[in-house]
Amino acid sequence: MESLPERTDVVVIGGGIIGVACAYRLAAAGVSVLLLERDGLGAGSTAKAAGGIRSSFTTRVNIEIGLRGLAEYASFAETYGTEIDFRRDGYLYLVTDPADLPEFERCAELQNSYGVRSRLVEPAEARRFSPLIGTEGVVAALWSPDDAKATPDSAVQGYARAARGHGAMLRTGVEVVGFERDGDEITGVRTSAGFVRTDAVVCAAGAWSGRIGELAGVELPVRPYRRQVVFTGPVADLPERVPLTIEMPSAFYFHREGLGLAMSFCDGDGDPGFDTRYEPGEWLPKLAEIAARRVPAVLDAGIRGGWAGLYEVTPDRNQIVGESVQVSRFFYATGFSGHGFQMGPAVGELVRDLYLGRVPAIDITGLDVRRFDGDRAVTREHNIV
């Protein structure tokens, strides 16, 4: 194992897409960066991400962050020399509750005001975009043609290579075990590989962020919840392009994966924990029931496998990005609740600007962790997947 430096300007904790994007942007700005990852780069939530990239969110800040992600990933191969299989196959939301229609109409209008080409369509037109779907019970759909999909692990490696090119040190297999403080100021980070002096930390530890916050004396209300995904065998007459299709409000989704489909839905959060064992149990029959109605072609394809990963969830399912008021120079970018991959590009820039004392290009005051203190109005994201 390579030794750690005695001192660095900033320690980034977490080697998923958020951490490596932050490390790259900071290093490119001339900041000395040490990134620490307890496992391998991208081995946490990023490794199990669906790879969706969308602008079809329902709040201003998330739309702006999503648009920045789409722009970055569209040119990623050219900019970073790493192919990430970027494809604009679109997102299709199937609305099954008539009471939700006014909200989707409002959301489409908001998205359009930012240049997003989303629009409400009839069920028959939705089937033109996603021929595999069954439209029984669908009252309308929101079609967002410019949304996309890419390979998360490839993006992690691209950012990691770029960060190293600007002098950042990325160390894997190193766990943060504590912090040294002088009053409310951080003076160093204790790790399983030794001590590093620093006066700034970026917590991008995903599902483990709550633990990192506790070590630093910062409350981060991020909890880990298991999410499961199954993969089908080959699907007959599978279109070349399959939009990431989501039934609302069940949040059942599917997208193309090889010659078949990847499918999932959330059957409640259950208890928080770090267990990532795939346990089909009662979950798989419920998934199959929805799939039989919504994408009947999979009934003949069978299930060839499945896995479980972790969502890093906050109480309102919105990410927390900002700087602590409890501990000086403790920055956090976590709690993405399943949306971290697509938000990585923008968040790297936002954290860089916070560190450098710049006004971020996107107003993220509403993402501050203090919104959970109860004295701030919170705009919830409607399209949670």
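- In this structure, the side chain of Asp363 engages the main chain of Thr365 through a donor-acceptor pair within 3.5 Å.
- Distance alone, capped at 3.5 Å, is enough to place a donor-acceptor pair between the Trp283 side chain and the Phe265 backbone.
- Ring geometry, Phe179 versus Phe330: the interplanar angle exceeds 60°, so the pair is classed perpendicular (tilted spans 30 to 60°).
- For Leu259, the CG atom sits in a loose shell: 12 or fewer heavy atoms of surrounding residues, nucleotides or ligands are nearer than 6.0 Å.
- Transitive grouping of hydrophobic side chains (ILVMFWY, heavy atoms separated by less than 4.5 Å) brings Phe254 and Tyr278 into a common cluster.
- In this pair, His255 and Tyr253 present their aromatic rings parallel. The plane angle is below 30°, not in the 30 to 60° band.
- The residues Glu214 and Arg211 are annotated as not salt-bridged, no charged nitrogen and carboxylate oxygen being separated by less than 4.0 angstrom.
- Using a cutoff of 4.0 Å between basic side-chain nitrogens and carboxylate oxygens, Arg352 and Glu349 are not scored as salt-bridged.
- In Glu122, the CD atom is not crowded: 12 or fewer heavy atoms of neighbouring residues, nucleotides or ligands sit closer than 6.0 Å.
- Remark: the backbone N or O of Glu175 is paired with a side-chain donor or acceptor of Ser192 at under 3.5 angstrom.
- If you chain together hydrophobic residues whose side chains sit under 4.5 Å apart, Leu284 and Phe252 fall into the same group.
- Classification of the Phe104-Tyr93 ring pair by plane angle, with boundaries at 30° and 60°, yields tilted.
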Check against side chain to side chain contact (heavy atoms under 4.5 Å, CB included), Arg371 and Thr314: CA-CA 11 Å; Arg371 70 180 185 266; Thr314 66; 4.1 Å; yes
Apply the test side-chain hydrogen bond (donor to acceptor under 3.5 Å, both in side chains) to residues Arg227 and Ser264: give CA-CA distance (whole Å), side-chain angles for both, the deciding distance (0.1 Å), then the verdict. CA-CA 8 Å; Arg227 295 290 187 270; Ser264 183; over 6 Å; no
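- Between Arg256 and Asp89 there is no salt bridge, since no side-chain nitrogen of the basic residue lies less than 4.0 Å from a carboxylate oxygen of the acidic one.
- Considering OG of Ser130 and CZ of Arg241, their distance stands at 13.5 Å, rounded to 0.5 Å.
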Could you walk me through whether Thr187 and Asp182 satisfy the side-chain hydrogen bond (donor to acceptor under 3.5 Å, both in side chains) test, starting with their C-alpha distance in whole Å, then the side-chain angles of each, then the deciding distance to 0.1 Å, before giving a yes or no? CA-CA 7 Å; Thr187 58; Asp182 182 3; over 6 Å; no
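- Checked by atom type and distance alone, the side chain of Tyr332 never pairs as donor or acceptor with a backbone atom of Gly213 at under 3.5 Å.
- Residues Gln111 and Ile63 have side chains in contact (heavy-atom distance under 4.5 Å, counting atoms from C-beta outward).
- Between atom CZ of residue Arg171 and atom CG of residue Leu41 there is a gap of 11.0 Å, rounded to the nearest 0.5 Å.
- The distance from atom CG of Leu26 to atom CG of Asp9, rounded to the nearest 0.5 Å, is 9.5 Å.
- Within the model, atoms CG of Leu4 and CE of Met169 stand 8.5 Å from one another, a figure rounded to the nearest 0.5 Å.
- Taking the six-membered ring for Trp and thresholds of 30 and 60 degrees, Tyr355 and Phe331 have ring planes inclined between 30 and 60 degrees apart.
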Take Thr151 and Asp153 through the test side-chain hydrogen bond (donor to acceptor under 3.5 Å, both in side chains) and record every step on the way to the result. CA-CA 6 Å; Thr151 304; Asp153 181 65; over 6 Å; no
Determine, stepwise, if the pair Val12 / Val351 fulfils side chain to side chain contact (heavy atoms under 4.5 Å, CB included). CA-CA 11 Å; Val12 176; Val351 169; over 6 Å; no
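- Salt-bridge check for Asp147 with Arg54: failed, with every basic side-chain N at 4.0 Å or more from each acidic carboxylate O.
- In this structure, CZ in Arg277 is found 10.5 Å from CD in Gln228, a value given to the nearest 0.5 Å.
- A distance of 6.0 Å or more separates the ring centres of Tyr91 and Phe57.
- None of Leu36, Leu34, Val11 except one satisfies the side-chain contact (heavy atoms from CB on, under 4.5 Å) rule with Thr191; the exception is Leu36.
- Of all non-hydrogen atoms in Glu257 and Arg304, the two that sit nearest each other are O-NH2, 4.0 Å.
- A donor-acceptor pair is defined here as one N or O able to donate and one able to accept, closer than 3.5 Å; no such pair exists between the side chain of Ser55 and the backbone of Leu67.
- Heavy atoms of other residues, nucleotides or ligands lying less than 6.0 angstrom from CD of Glu219 number 12 at most.
- A donor-acceptor pair under 3.5 Å links the side-chain atoms of Thr198 to the main chain of Thr8, judged by distance alone.
- The only option from Ile133, Val139, Ile246, Thr135 that meets the side-chain contact (heavy atoms from CB on, under 4.5 Å) definition with Leu94 turns out to be Ile133.
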Verify side chain to side chain contact (heavy atoms under 4.5 Å, CB included) between Asp237 and Leu132, making sure each step is shown before the conclusion. CA-CA 9 Å; Asp237 300 319; Leu132 295 174; over 6 Å; no
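- Note: the hydrophobic cluster containing Val298 also contains Ile303 (ILVMFWY, side chain heavy atoms under 4.5 Å, direct or indirect links).
- Taking the side chain as every heavy atom from C-beta outward, Pro221 and Ile320 approach each other to under 4.5 Å.
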Checking side chain to side chain contact (heavy atoms under 4.5 Å, CB included) for the pair Ile212/Leu220: CA distance, chi angles, key distance, verdict? CA-CA 9 Å; Ile212 296 299; Leu220 297 177; 5.8 Å; no
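- For Gln342 (side chain) and Gly66 (main-chain N/O), no donor-acceptor pair under 3.5 Å exists by modelled atom type.
- No option in Glu247, Glu289, Glu136 other than Glu247 meets the side chain to side chain donor-acceptor pair (under 3.5 Å) test with Arg294.
- With respect to Arg68 and Glu72, a salt bridge is recorded, a charged nitrogen being found less than 4.0 Å from a carboxylate O.
- Remark: Arg197 does not engage Glu6 in a salt bridge, criterion side-chain N to carboxylate O under 4.0 Å.
- Glu109 CD: 12 or fewer foreign heavy atoms inside a 6.0 Å radius.
- Cluster membership check: Val116 does not share its hydrophobic cluster with Trp143, using side-chain heavy-atom separations under 4.5 Å among Ile, Leu, Val, Met, Phe, Trp and Tyr.
- Hydrophobic clustering (side-chain heavy atoms under 4.5 Å, transitive across Ile, Leu, Val, Met, Phe, Trp, Tyr) keeps Val121 apart from Met248.
- Interatomic distance, Lys286 NZ to Ser250 OG, rounded to the nearest 0.5 Å: 12.5 Å.
- Side-chain contact between Thr58 and Leu110 is absent, with no heavy atoms from C-beta onward closer than 4.5 Å.
- Side-chain contact check for Ser56 and Ser118: no donor-acceptor pair (N or O, by modelled atom type) lies under 3.5 Å.
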